[in-house]
A.B. asks: 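Sharing a structure below in structure tokens format, with a few things to ask.
We name chains A, B, ... by the order of the sequence lines, and we start the count at 1 in each one.
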Protein chains: 2
Amino acid sequence: MPDTKDQILDAAECLFSEYGIGAVPLRRIVAEAKVNSAAIHYHFGSKEKLVKAVFVRRYGPINRQRIELLEALESAEQPPGIEQLCHAIVAPPFRIGEGTASEHLYRSLAGRLMTEPAYMELIFNDLFAEVDRRFDALLAKALPDLPDTVRTWRKFMATGSMIFVLREQNLIARASNGLCDTSDVEVTIRRLVRFMAAGLSAPMADDEADLVAPARSGGRNA
Amino acid sequence: MPDTKDQILDAAECLFSEYGIGAVPLRRIVAEAKVNSAAIHYHFGSKEKLVKAVFVRRYGPINRQRIELLEALESAEQPPGIEQLCHAIVAPPFRIGEGTASEHLYRSLAGRLMTEPAYMELIFNDLFAEVDRRFDALLAKALPDLPDTVRTWRKFMATGSMIFVLREQNLIARASNGLCDTSDVEVTIRRLVRFMAAGLSAPMADDEADLVAPARSGGRNA
DNA sequence: GTCTATATCCTGATAGAC
DNA sequence: GTCTATCAGGATATAGAC
């Protein structure tokens, strides 16, 4: 049986996933967790610290998995394949909680952070900075012809598509009239990896290349 | 000089863009708008109705522009090019408010809606349903080989990347150390169109095709 | 460590004078 | 239409008995 602290973390995670962080009052968490109304402040000190604890508990393991997968690609002689690389980022957050009753909630949590600026700043450096750095380095190796600017832009765009799919599973299932089956995790991962990899590795448009070249009408060397 | 109603709408739009809808109390809007604290309820009736008015004012024109661009593609004999099609969706929200001092705020507003479920339901049908329907129909014509399921999944992923770029301009500029210049709207549009079009039109992976094929080793008809 | 009770603040919304 | 004053409810956080 989980102790009070875990009960609170579990309840908070489910509720944050489903309704968003800002929309969940502490009262609702203590009710769901069936603990005393003062327990959150006793164990965590404040809502902000509780939020951080929820994310650390979940994203610690996810990002360790990501880093393991990225390390395998780093130590290879060959530059990584772009799909492998995307897979290393995409698969871990989709697979958390798999098999448990509330797995879809955990996945939905995964995308909440970026969309809540107040908590984003609070957490990003501790939890995501290293993954981002390593992913970017490998991406540069996988796509050596892309200028830094273009690669970085596309990294954000790919991230955006991943976050959207993680976060909006309910919306996707509903707005597609059930056509998109968000419950099949492995299929979702493949589709997303395919999409991201294609976008990341698209040949540059001529006018796109222009925009990062040091010189213009004369010619470009970058 | 704008009247009270417009002052409120302007202030609300800026604040919603910057901080998110849920995070902005009405008191802050009236302070920013320099109007009386009862003015919002007098003119709009409730916060919910104010939010709706803000989005209608901004997305009415944007979606009319989108529909105009989509109509041009609908009436063409040829199936539309995938980049043209993406451009019709992407360009209007990026171009709103262009040249005004707070143009980046308007663009940021554009992405707020989807991330605030409470207001999303309220507004989507009125403002976005028709654009979505027409875009999807043209997408099916532009990518006739993609099964409905794959096309729909990819439409969500492409939407996610667009929303992320619209919403997180500050984050993108900051996290890239200025490498990504979010102030150049036309460049941003091209990069985004390129990324989305490449993702949408990627050839299906073999295992991705399997997942939507009507028959498998045994065969399924649903 | 747990609980009840409550302090303090802030929210959206309203009443009623002008 | 505009303003001041205020309500009722709900938020985070804390005090103090057990």
A.B. asks: Anything under 30° is parallel, anything over 60° is perpendicular, the rest tilted; go ahead and classify B/F195 against A/F195.
C.D. replies: perpendicular
A.B. asks: Between P on D/dT2 and CD1 on B/I40, what's the gap in Å once rounded to a whole number?
C.D. replies: 13 Å
A.B. asks: Please list all pairs meeting salt bridge (Lys or Arg N to Asp or Glu O under 4.0 Å) that have one or both residues in residues 124-133 of chain B, counting only residues at least two apart or in different chains.
C.D. replies: B/K52-B/D126, B/E130-B/R134, B/D132-B/K155
A.B. asks: Can you list everything that forms a side-chain hydrogen bond (donor to acceptor under 3.5 Å, both in side chains) with A/K47? Sequence neighbours excluded, please.
C.D. replies: none
A.B. asks: Can you confirm if the aromatic rings of A/F128 and A/Y59 lie within a centre distance of less than 6.0 Å?
C.D. replies: yes
A.B. asks: Mind running a 4.0 Å heavy-atom check of residues 41-54 of chain B against DNA chain C and sending the residues that fall below it, in number order?
C.D. replies: B/H41, B/S46, B/K47
A.B. asks: C/dT2 phosphate, OP1 or OP2: any side-chain N/O from A/T4 under 4.0 angstrom?
C.D. replies: yes
A.B. asks: Take the protein atom NZ of A/K5 and the nucleotide atom C1' of C/dT2, then report the distance between them rounded to whole Å.
C.D. replies: 15 Å
A.B. asks: Quick one: does any side-chain atom of B/E18 pair with a main-chain N or O of B/L15 as donor and acceptor, under 3.5 Å?
C.D. replies: no
A.B. asks: According to side chain to side chain contact (heavy atoms under 4.5 Å, CB included), who are the partners of A/S46, at least two apart in sequence or on a separate chain?
C.D. replies: A/E48, A/K49
A.B. asks: What donor-acceptor contacts under 3.5 angstrom involve side-chain atoms of residues 31-44 of chain A, with partners at least two apart or in another chain?
C.D. replies:
| unit_1 | atom_1 | unit_2 | atom_2 | d |
| --- | --- | --- | --- | --- |
| A/N36 | OD1 | A/A38 | N | 2.9 |

A.B. asks: Mind calculating the distance between CD1 (A/I8) and C1' (C/dC3) to the nearest angstrom?
C.D. replies: 13 Å
A.B. asks: Could you list by number each residue of residues 23-37 of chain A showing a heavy-atom separation from DNA chain C of less than 4.0 Å, or answer none if no residue does?
C.D. replies: A/N36, A/S37
A.B. asks: As a test of understanding, state which of B/L9, B/V24, B/D10 forms a side chain to side chain contact (heavy atoms under 4.5 Å, CB included) with B/I29.
C.D. replies: B/V24
